[in-house]
Amino acid sequence: MTLKECYAKIGGDYEDASARLMTDNIVAKFAIKFLDDTSYDTLIKSLDSGDYDEAFRAAHTIKGICQNLSFTALFNSVNPLTEELRVGAPSSQDLITKVTEDYERTISAIKEFQSAI
């Protein structure tokens, strides 16, 4: 799998990431580094324990990373959750479910890309 194919699989904007980060090597480096980020685990644990301030911080971190790396689909799902957590508990489990689906698809594609290089 190429980096461009990985971005297509996750619903990302490869051209935007390449323009921002300048080379495929840098884009690939930071995409793979996303696998080490613990923000998603923190988000889920915080939601489960009702710590919405910590959940907000975790969601906001994911949102920022996704914006910088042009992980568009995950950004688009975590953004509304972040905004709801800004003022308290999320209004719908559907937001969390969508973030989880997009996160898992993103992680899976990056792992597939990583194993191909």
Side-chain angles (χ1 to χ4, degrees):
M1 168 185 287
T2 67
L3 185 59
K4 191 171 187 174
E5 291 168 335
C6 177
Y7 265 78
K9 196 168 192 172
I10 66 172
D13 188 337
Y14 168 78
E15 284 75 19
D16 185 60
S18 291
R20 179 178 298 109
L21 298 175
M22 308 297 268
T23 70
D24 276 0
N25 287 341
I26 294 172
V27 176
K29 173 185 172 181
F30 285 106
I32 291 169
K33 194 166 182 67
F34 183 71
L35 298 174
D36 297 329
D37 184 76
T38 61
S39 299
Y40 176 78
D41 292 333
T42 301
L43 172 64
I44 297 305
K45 288 176 186 171
S46 299
L47 288 169
D48 288 345
S49 69
D51 185 350
Y52 300 119
D53 288 336
E54 186 64 22
F56 167 75
R57 283 188 285 280
H60 195 270
T61 298
I62 296 166
K63 176 182 153 183
I65 293 168
C66 289
Q67 188 170 26
N68 287 330
L69 293 176
S70 302
F71 293 168
T72 309
L74 182 53
F75 173 85
N76 287 340
S77 61
V78 80
N79 186 44
L81 178 60
T82 303
E83 294 311 310
E84 286 204 5
L85 288 167
R86 187 181 301 276
V87 295
S91 64
S92 167
Q93 179 64 36
D94 292 345
L95 290 173
I96 300 162
T97 300
K98 179 65 173 148
V99 168
T100 296
E101 290 169 356
D102 290 340
Y103 177 81
E104 289 174 354
R105 183 175 62 249
T106 300
I107 291 298
S108 176
I110 293 171
K111 286 179 179 177
E112 186 179 342
F113 167 70
Q114 183 182 33
S115 70
I117 57 174

Taking the side chain from Asn68 and the backbone from Gly64, do they hold a donor-acceptor pair closer than 3.5 Å?
yes
Would you list the atom pairs, donor with acceptor, under 3.5 Å between side chains in residues 84-92 and any protein atom, with sequence neighbours excluded?
unit_1: Glu84; atom_1: OE1; unit_2: Ser91; atom_2: N; d: 2.5
unit_1: Glu84; atom_1: OE1; unit_2: Ser91; atom_2: OG; d: 2.9
unit_1: Glu84; atom_1: OE2; unit_2: Ser91; atom_2: OG; d: 2.9
unit_1: Arg86; atom_1: NE; unit_2: Glu83; atom_2: OE1; d: 2.9
unit_1: Arg86; atom_1: NH2; unit_2: Glu83; atom_2: OE2; d: 3.0
unit_1: Ser92; atom_1: OG; unit_2: Asp94; atom_2: N; d: 2.9

Closest approach of Val99 and Ser77, non-hydrogen atoms and distance?
CG2-O, 3.3 Å
Should Asp16 and Arg20 count as an ion pair when the cut-off is N to O under 4.0 Å?
yes
Which side-chain hydrogen bond (donor to acceptor under 3.5 Å, both in side chains) pairs, counting each pair once, include a residue from residues 108-117, with sequence neighbours left out?
Lys9-Glu112
Any side-chain donor paired with an acceptor under 3.5 Å for Ser39 and Asp37?
yes
Separation between CG (Asp24) and NZ (Lys4), nearest 0.5 Å, reads 9.5 Å
So CZ of Phe34 and CD1 of Ile62: to nearest 0.5 Å the spacing works out to 6.5 Å
When rounded to the nearest 0.5 Å, the distance separating CG of Leu69 from CD1 of Ile26 is 12.0 Å
Tyr7/Thr72 under side chain to side chain donor-acceptor pair (under 3.5 Å): CA gap, chis, key distance, verdict:
CA-CA 9 Å; Tyr7 265 78; Thr72 309; over 6 Å; no
Would you say Thr38's side chain and Asp41's backbone share a donor-acceptor pair under 3.5 angstrom?
no
Could you measure the distance from the CD1 atom of Ile96 to the CD atom of Gln93? Nearest 0.5 Å is fine.
4.5 Å
Do Val27 and Ile117 share a hydrophobic cluster, counting only Ile, Leu, Val, Met, Phe, Trp and Tyr and linking them when any side-chain heavy atoms are less than 4.5 Å apart?
yes
For the backbone of Leu43 and the side chain of Ser46, can you confirm whether one donor and one acceptor N or O come within less than 3.5 Å of each other?
no
Can you tell me how far apart CD1 (Ile10) and CZ (Phe71) are? Round to the nearest 0.5 Å.
4.5 Å
Asp102 and Lys98 ion-paired at < 4.0 Å:
yes
Measure the spacing between CD1 of Ile110 and CZ of Arg105 and express it to the nearest 0.5 Å.
11.5 Å
Test side-chain contact (heavy atoms from CB on, under 4.5 Å) on Phe75 and Thr82 and set out the steps.
CA-CA 10 Å; Phe75 173 85; Thr82 303; over 6 Å; no
